[in-house]
Amino acid sequence: MILIKEVGFKKHLMTAISFFLPIVVAAGFLLAIGNMLGGETIEDFKGAWSFADTMTTMGGYGLGLLPMIVSTAIAYSIADKPGIAPGLIVGMIANGIGSGFLGGIISGYISGFIVLLMVKYVRVPAWMLGLMPTLVIPFVCSFLAGMVMYYIVGTPIIWATELLTNYLRSLDTNSLFLYGAIIGVLASIDYGGAINKVVFAFVFALFSEGIYEPITVLILASMVTPFGLTMAFFIGKVIRKNIFTNQEKEALKTAFPMGVCQITEGCFPIVLNDLVKNVIATGVGGAIGGGLSMLWGADSRIPASGMFAIPTMTRPWAFVGALLIGSLATAVTILLLKKAVDPEAEVIVNKEEDDISWDELKIS
């Protein structure tokens, strides 16, 4: 029996991001290390090549597959296994016509929904049921989705991508800071949640077109909270304003090293204790840090990994400077918003739960 999963645009995009992000990081590191060692893409495998060339070539292969990977992942999320073949083939079409990552996303939705409609509404004779998953669905759905991609949506996607790319490359300094601030706020205030993932899809589309600054802002925005809260702790010690409970101080010991790797979730024990004030502080830091990062041209050549992305940047000082200033803004804001915690007033109760007495239960 063919299982069809729940239809939902955001859900399928989140699934695709979880599929391709490890591939992107691995390929990005391979390419970055190869480039730093002076490697070049291997064109003729019959000749001689260096270790650096192999690294560069492997990374290029991985990043070149992204339209196909995201298309396949989205189609699979929509229509389960029947969506894999059409998603892969039409994703290759998106790559071949030059529609890039954005084209891969759209081809995945087209393929997945065509498969979904065919499985749900097309009825065939009993003797054809065995052919459906291996012949009819892959062939017919790949054909239909491919025609849509070639003749209907392919050209507009290419046009829109080129328009957006050229527009961002022509921005002046004031606009650069504004766009960086917007990306920084959106990417930071839900701490790696759905908004962050949607922003990631947008900035990664630009990344695949050779515009690296927006995704660098996203990397920074994901690090502002753990770095900012850690700064707030040490600044609080200097100015003698303690805003952290003992449990929150323990959480910081984990949150900061996780933040170095661009993992925000370690801050949840602190953030959730006073969500509104932390979101405000995070938004301030994300806006300032993101604006400066965009303005100064920090350009990570890999789309994730936090501080480990710095060696791939042509302006590492810009990223570090923007991260420190943004984190400082978060720290100052949270120190201003939150009241001091009296250590003497903290009471940590470790009480065992009373045993449930079944005799006390009454059924009306």
Side-chain angles (χ1 to χ4, degrees), residues 14 17-18 21-22 25 183-197 199-200 217-290 293 304-310 319-353:
M14 299 303 103
I17 291 174
S18 68
L21 187 56
V25 174
I183 295 171
V185 171
L186 295 176
S188 63
I189 57 174
D190 72 338
Y191 306 102
I195 299 175
N196 179 282
K197 296 298 187 295
V199 175
F200 177 85
V217 172
L218 184 140
I219 295 173
L220 180 147
S222 301
M223 301 169 66
V224 157
T225 302
F227 277 56
L229 292 176
T230 304
M231 282 188 179
F233 170 74
F234 288 106
I235 294 173
K237 291 179 72 71
V238 173
I239 64 175
R240 297 185 179 181
K241 182 180 181 180
N242 175 46
I243 62 171
F244 297 104
T245 65
N246 287 337
Q247 293 94 333
E248 290 173 339
K249 291 174 185 176
E250 289 298 316
L252 276 178
K253 296 178 182 178
T254 304
F256 180 75
M258 290 176 70
V260 170
C261 303
Q262 197 192 331
I263 301 173
T264 313
E265 283 77 2
C267 298
F268 282 174
I270 302 171
V271 170
L272 296 178
N273 285 340
D274 199 337
L275 183 60
V276 174
K277 293 177 181 177
N278 277 284
V279 167
I280 294 172
T282 297
V284 171
I288 294 175
S293 175
S305 298
M307 299 297 285
F308 295 101
I310 289 178
F319 179 81
V320 174
L323 175 61
L324 291 176
I325 294 173
S327 301
L328 180 61
T330 295
V332 172
T333 304
I334 198 67
L335 282 167
L336 291 173
L337 291 177
K338 291 190 71 173
K339 296 180 180 180
V341 175
D342 182 4
E344 300 298 329
E346 288 189 72
V347 179
I348 302 175
V349 180
N350 294 318
K351 180 182 177 182
E352 295 185 0
E353 293 183 1

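Since the model is a prediction, treat every value here as computed from it, not as a measurement. The first residue in the sequence is number 1, and the count goes up from there.
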> Check salt bridge (Lys or Arg N to Asp or Glu O under 4.0 Å) between Lys237 and all other residues, then give those that pass, not counting sequence neighbours.
none
> Step by step, work out the side-chain contact (heavy atoms from CB on, under 4.5 Å) result for Leu229 and Asn278.
CA-CA 9 Å; Leu229 292 176; Asn278 277 284; 3.7 Å; yes
> Mind listing the closest non-hydrogen atom pair of Ala255 and Pro226 along with its distance?
O-CB, 3.5 Å
> Heavy-atom count check: over 12 atoms from other residues, nucleotides or ligands less than 6.0 Å from Phe268 CZ?
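Yes, enclosed.
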> Hey, what do you get for CG (Asn242) to CZ (Phe233), rounding to the nearest 0.5 Å?
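Between atom CG of Asn242 and atom CZ of Phe233 there are 7.5 Å.
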> Rounded to the nearest 0.5 Å, how far does CD of Glu248 lie from SG of Cys267?
11.0 Å
> Has Ser293 got a side-chain atom pairing as donor or acceptor with Gly289's backbone, closer than 3.5 angstrom?
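Not at all, since once roles are kept as given, no pair shorter than 3.5 Å links the two residues.
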> Quick one: which residue pairs count as a side chain to side chain donor-acceptor pair (under 3.5 Å) with a foot in residues 321-335, not counting sequence neighbours?
none
> Working to the nearest 0.5 angstrom, can you tell me the gap between Thr264 OG1 and Tyr191 OH?
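So the OG1 of Thr264 and the OH of Tyr191 are separated by 9.0 Å.
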> Look up atom CD1 in Ile325 and atom CG in Leu220, then write down how far apart they are to the nearest 0.5 Å.
10.0 Å
> I'd like to check the ring pair (Phe, Tyr, Trp, His ring centres under 6.0 Å) partners of Phe227; sequence neighbours left out, ordered by chain and number.
Phe256
> Quick check: closest heavy atoms across Ser188 and Ala221, and the distance to 0.1 Å?
CB-O, 3.5 Å
> Please collect all side chain to side chain donor-acceptor pair (under 3.5 Å) contacts where either partner lies in residues 219-234, sequence neighbours excluded, each pair once.
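Side chain to side chain donor-acceptor pair (under 3.5 Å) check on residues 219-234 returns Thr225-Thr282.
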> Begin with the C-alpha distance, continue with both residues' side-chain angles, and end with the deciding distance and a verdict on side-chain contact (heavy atoms from CB on, under 4.5 Å) for Leu328 and Ile235.
CA-CA 10 Å; Leu328 180 61; Ile235 294 173; 3.7 Å; yes
> Output, in order, the C-alpha distance, side-chain angles, deciding distance and verdict of side-chain contact (heavy atoms from CB on, under 4.5 Å) for Val332 and Met231.
CA-CA 9 Å; Val332 172; Met231 282 188 179; over 6 Å; no
> What are the two closest non-hydrogen atoms of Gly283 and Val185, and how far apart are they?
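Smallest heavy-atom distance, with atoms named: O-CG2, 3.6 Å.
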> Counting N and O atoms only, with roles assigned by atom type, does the side chain of Lys338 sit under 3.5 Å from a partner on the main chain of Phe244, one being a donor and the other an acceptor?
no
> Checking Phe319 against Met307 for the side-chain contact (heavy atoms from CB on, under 4.5 Å) test, could you report, in this order, the C-alpha distance in whole Å, the side-chain angles of both residues, the deciding distance, and whether it holds?
CA-CA 9 Å; Phe319 179 81; Met307 299 297 285; 4.2 Å; yes
> Mind checking the CD1-OG spacing from Ile263 to Ser305? Nearest 0.5 Å is all I need.
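Answer rounded to 0.5 Å: 9.0 Å.
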> What's the shortest heavy-atom distance between Met223 and Val260, and which atoms?
CE-O, 4.0 Å
> Within this structure, what is the CG-NZ distance for the pair Leu335 and Lys241, rounded to the nearest 0.5 Å?
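Between Leu335 CG and Lys241 NZ, I get 6.0 Å after rounding to 0.5 Å.
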> Could you tell me which non-hydrogen atom of Val341 sits nearest to which non-hydrogen atom of Thr245, and how far apart they are?
CG1-CG2, 4.4 Å
> What are the two closest non-hydrogen atoms of Ala251 and Pro269, and how far apart are they?
CB-CB, 4.0 Å
> Please list, chain by chain and in numerical order, all residues satisfying salt bridge (Lys or Arg N to Asp or Glu O under 4.0 Å) with Glu265, sequence neighbours excluded.
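Per chain and number, Glu265 pairs via salt bridge (Lys or Arg N to Asp or Glu O under 4.0 Å) with no residue.
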> Could you tell me which residues satisfy side-chain hydrogen bond (donor to acceptor under 3.5 Å, both in side chains) with Lys339, sequence neighbours excluded, listed by chain and number?
none
